[in-house]
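Ligands are counted one by one from 1 in listed order, and the atoms in each one are counted from 1 as well.
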Amino acid sequence: MSEQLRVNGERIWHTLMEVAKIGATDKGGCCRLALTDLDKQARDLYVKWCKEAGCSIRIDKMGNVFARRDGQDNSLAPVMTGSHIDTQPTGGRFDGVYGVLAGLEVIRSLNDLGIKTKHPIEASIWTNEEGSRFAPAMVASGVFAGEFSLEYGLSRKDVEGKTMGEELKRIGYAGDAEVGGMPVHAFFEVHIEQGPILEEADTTIGVVTDAQGQRWYECTLTGVESHAGPTPMNRRKDALLGTARIIDLVNKIGLDNAPLACATVGMVNVHPNSRNVIPGRVFFTIDFRHPNDEVLAKMDAAMRAGVAKISEDIGLGCELEQIFYYAPIHFDDGCIDAVRKAAVENKYSIRDIVAGAGHDACYLSKVAPASMVFVPCIDGISHNEVEDAKPEWITAGANVLLGAMLARAEQV
Ligand code: HGY
Ligand code: MN
Ligand code: MN
């Protein structure tokens with residue numbers, strides 16, 4: 001790759017820090033939940049920048065935003081990149097938004113370099129990747145890939161009962177373009193690793209070959225609310241006790257399938273959550289992950305058996321629902337090679353890696369050749385306000401994205 005085929009590292013860093021101001025938290029992170037006014041503000045800024053870079057803008061019915069740079073032959077399927085701009089409640093300045101702004105930087109750099117491509121290029125924002133405000137995660141790229149119906153996607157509700165459809169309309173991003181059903185020549189997503197592997201190996205680029213599978217559950221345990229004082233211990237139906245035992249069970253299932261299994265209870269809502277009332281109802285979530293689908297199924301079975309026993313032992317009602325599942329993914333070998341080649345041509349240190357988190361590229365891989373580029377993050381921490389990355393890593397990931405996209409979009 002010639003020396004000139006590089007992005008403007010200062011510009012992408014500045015762009016990232018500009019967007020980081022939208023939803024900035026006191027601890028240096030970002031809280032920009034999906035389809036809030038802050039999400040709208042960041043989307044509007046991105047659209048403005050993309051228009052300034054000469055792109056046309058398309059918004060689909062799930063609010064996915066596509067900034068299109070024409071190719072020499074616009075009848076050809078686009079080479080796409082993108083990620084998400086929504087964050088966790090205590091999110092960082094890089095998760096998702098880095099991949100969105102790297103797409104913009106690729107377009108800006110192609111403009112600076114006066115490069116035309118045979119295929120059009122599209123840089124995208126995928127709605128509600130985090131699955132924090134609206135569950136499940138990656139729902140809009142899931143609709144695009146045909147994993148979920150449009151009606152299912154638009155009907156996802158937040159804790160206040162607001163639907164994605166209503167919130168898309170409210171922020172002005174209920175587009176009219178159909179969701180998916182279009183050919184995509186290739187899709188690349190650049191993202192911070194969100195784990196410790198690359199930094200510990202002093203490696204700049206992660207060539208993402210696979211993504212682990214996930215199973216998400218919602219569980220409601222129902223016991224009997226009663227007075228913490230006069231109710232004898234042997235007369236209680238304590239929903240929080242059951243939850244505590246299940247949290248320990250989930251953790252044990254993760255440890256029993258170490259070193260690759262991940263098992264987390266991240267959300268617990270206790271009712272009535274009063275210090276002198278024995279909880280009568282508890283809602284909580286379970287998140288299982290593993291790169292091997294059979295192991296993921298084994299974890300599922302062990303959890304279901306354990307939950308049934310715990311509920312019976314304490315005399316609790318139990319509603320357990322799996323709300324999200326996708327099998328482990330192997331990305332497209334041609335796209336993986338394009339990433340590897342671009343990294344080697346840039347003389348970056350590289351290693352193959354499996355994505356521990358879910359990403360929009362996971363669903364895009366079902367409808368297009370896709371792969372990802374990882375860069376390290378400081379101490380491997382993400383989904384935390386301290387999330388951080390070195391400017392040289394950010395530049396490196398964008399350079400590799402440029403090279404990989406050009407390889408598939410074909411410079412003319
Ligand atoms: O949960 C995930 O893996 C992603 O952050 N949505
Ligand atoms: Mn992400
Ligand atoms: Mn995330």
Side-chain angles (χ1 to χ4, degrees), residues 16 19-20 23 25 29-35 39 42 64 81-103 124-142 145 147-148 153 156 187-195 206 208 210-218 254 260-267 285-291 296 322-329 353-365 370 372-377 380-389 394 397 401:
L16 263 169
V19 178
T25 65
C30 282
C31 175
R32 204 172 41 238
L33 295 185
L35 304 186
D39 183 355
N64 299 316
T81 184
S83 192
H84 59 96
I85 213 158
D86 65 304
T87 73
Q88 288 288 335
T90 53
R93 299 175 295 164
F94 301 90
D95 176 3
V97 62
Y98 168 43
V100 169
L101 299 178
S124 55
I125 295 177
W126 297 93
T127 302
N128 189 56
E129 188 278 344
E130 288 294 1
S132 179
R133 183 181 175 195
F134 301 96
M138 299 123 69
V139 69
S141 49
E147 291 295 305
F148 308 118
R156 296 307 84 212
F187 181 87
F188 295 97
E189 180 173 2
V190 64
H191 206 288
I192 53 170
E193 176 201 334
Q194 299 182 291
V208 187
D210 302 82
Q212 61 182 349
Q214 300 193 27
R215 286 178 184 263
W216 284 17
Y217 307 83
E218 289 182 348
L260 297 178
C262 294
T264 313
V265 173
M267 183 192 281
T285 62
I286 299 172
D287 177 327
F288 277 161
R289 310 200 185 191
H290 199 283
L296 207 48
Q322 179 178 281
I323 65 157
F324 180 48
Y325 161 67
Y326 69 82
I329 281 153
I353 193 166
V354 175
H359 298 284
D360 293 306
C362 296
Y363 277 137
L364 268 292
S365 71
M372 295 187 72
V373 184
F374 272 1
V375 296
C377 55
I381 292 182
S382 180
H383 282 196
N384 183 314
E385 292 162 280
V386 302
E387 178 187 279
D388 201 358
I394 295 300
L401 180 69

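- Looking only at distances, no side-chain donor or acceptor of Ser365 sits under 3.5 Å from a matching main-chain atom of Ala370.
- Scanning the protein heavy atoms around atom 6 (N) of ligand 1, the nearest turns out to be Glu129 OE2, 3.0 Å.
- Those atoms of ligand 1 that come under 4.0 Å of a heavy atom in Gln214, given as number and element, are 3 (O).
- Between the Gln322 side chain and the Arg215 main chain, no donor and acceptor come within less than 3.5 Å of each other.
- To the nearest 10 degrees, the angle centred on the Mn ion (ligand 2) between NE2 in His84 and NE2 in His191 reads 110°.
- Heavy atoms of Gln88 found under 4.0 angstrom from ligand 1: none, in either backbone or side chain.
- Within the 4.0 Å heavy-atom criterion, neither part of Phe324 lies near ligand 1.
- Below 30°, between 30° and 60°, or above 60°: for His191 and His84 the angle between ring planes is between 30° and 60°, a tilted geometry.
- Ligand 1 places these atoms under 4.0 Å from at least one heavy atom of Ala357: 3 (O).
- Checked against the Mn ion (ligand 3), the N, O or S atom of Asp95 at the shortest distance is OD2.
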Handout entry: Thr285 vs Trp216, side chain to side chain contact (heavy atoms under 4.5 Å, CB included): CA-CA, chis, key distance, verdict
Key = CA-CA 7 Å; Thr285 62; Trp216 284 17; over 6 Å; no
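- By the 3.5 Å distance cut-off applied to N or O atoms, Gly358 is counted among the residues near ligand 1.
- The shortest N or O to N or O distance between His383 and ligand 1 is under 3.5 Å.
- Interface atoms of ligand 1 facing Trp216, defined by a heavy-atom separation under 4.0 Å, are 1 (O).
- Side chain to side chain, Thr90 and Glu385 fail the donor-acceptor criterion of an N or O pair below 3.5 Å.
- For the residues Arg289, Gln194, His359, Glu130, the heavy atom positioned nearest atom 2 (C) of ligand 1 is part of Arg289.
- Using modelled atom types, no side-chain atom of Asp86 and backbone atom of Thr127 make a donor-acceptor pair closer than 3.5 Å.
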Exercise for the section: Evaluate the ring pair (Phe, Tyr, Trp, His ring centres under 6.0 Å) criterion for residues Tyr363 and Phe187: first the C-alpha distance (whole Å), next the side-chain angles of each, then the deciding distance (0.1 Å), finally the verdict. Expected result: CA-CA 10 Å; Tyr363 277 137; Phe187 181 87; over 10 Å; no
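- Checked by atom type and distance alone, the side chain of Thr81 never pairs as donor or acceptor with a backbone atom of Gly103 at under 3.5 Å.
- Of the angles at the Mn ion (ligand 3), the one spanning OE1 of Glu130 and NE2 of His383 is 90° when given to 10°.
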